[in-house]
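Take a look at the structure set out below.
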Amino acid sequence: DQSTTALREQAKRVPPETMLPLSRAVYFANLAATLAVLVSRNKVTKDAAVNTLVEQGMPQEDANALIETALISHEPA
């Protein structure tokens with residue numbers, strides 16, 4: 001099934017451009033979450049985080065939106 005395939009593609013480190021849609025979604029969600037932690041800890045800039053997503057094949061507009069969304073969960077309460 002698709003969820004098993006997504007996990008397999010993650011484990012095999014398949015390039016995102018060749019992944020199935022569900023696998024790509026999981027890949028970019030994990031990467032964005034990791035980048036958001038790094039941005040919130042001032043280890044990388046927000047621009048660097050966005051550029052990392054773009055370098056991995058995500059469109060610029062989507063990368064901006066995903067990082068913004070991921071950073072919301074790291075804002076102080």
Side-chain angles (χ1 to χ4, degrees):
D1 86 339
Q2 288 184 351
S3 58
T4 305
T5 300
L7 292 173
R8 251 188 313 225
E9 287 183 339
Q10 298 298 308
K12 289 181 180 179
R13 299 181 188 257
V14 173
E17 64 272 6
T18 64
M19 290 178 178
L20 295 174
L22 179 59
S23 302
R24 282 178 54 89
V26 170
Y27 173 81
F28 281 118
N30 287 334
L31 182 55
T34 301
L35 291 166
V37 169
L38 294 173
V39 171
S40 70
R41 294 181 181 173
N42 297 314
K43 301 295 182 186
V44 299
T45 65
K46 185 166 71 169
D47 286 342
V50 169
N51 288 338
T52 298
L53 292 173
V54 171
E55 289 168 4
Q56 291 298 307
M58 180 173 274
Q60 179 78 41
E61 186 175 309
D62 294 343
N64 285 324
L66 185 56
I67 287 297
E68 287 294 332
T69 301
L71 286 171
I72 290 171
S73 66
H74 295 284
E75 291 177 351

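Residue indices begin at 1 and follow the sequence shown.
For Gln56, the side chain to side chain donor-acceptor pair (under 3.5 Å) test picks out Tyr27, with sequence neighbours left out. When the side chain to side chain contact (heavy atoms under 4.5 Å, CB included) test is applied to Thr4, the partners found at least two apart in sequence or on another chain are Asp1, Arg8. For Ser23, the side chain to side chain donor-acceptor pair (under 3.5 Å) criterion is met by Glu9, not counting sequence neighbours.
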List the atom pairs, with distances to 0.1 Å, where a side-chain N or O of residues 29-41 and a protein N or O form a donor-acceptor pair under 3.5 Å, not counting sequence neighbours.
| residue | atom | partner | partner atom | Å |
| --- | --- | --- | --- | --- |
| Asn30 | ND2 | Val26 | O | 3.3 |
| Thr34 | OG1 | Asn30 | O | 3.0 |
| Ser40 | OG | Ala36 | O | 3.3 |
| Ser40 | OG | Val37 | O | 2.8 |

Name each donor-acceptor pair under 3.5 Å that joins a side chain in residues 43-50 to protein atoms two or more places apart or in another chain, with its distance.
| residue | atom | partner | partner atom | Å |
| --- | --- | --- | --- | --- |
| Thr45 | OG1 | Ala48 | N | 3.0 |
| Lys46 | NZ | Glu68 | OE2 | 2.4 |

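Pairs engaging residues 50-62 under the salt bridge (Lys or Arg N to Asp or Glu O under 4.0 Å) rule: none recorded [sequence neighbours left out].
In this structure, Arg24 contributes its side chain and Pro16 its backbone to a donor-acceptor pair below 3.5 Å.
Val54 and Phe28 fall within the same hydrophobic cluster, defined by Ile, Leu, Val, Met, Phe, Trp and Tyr side-chain heavy atoms under 4.5 Å apart, directly or through other members.
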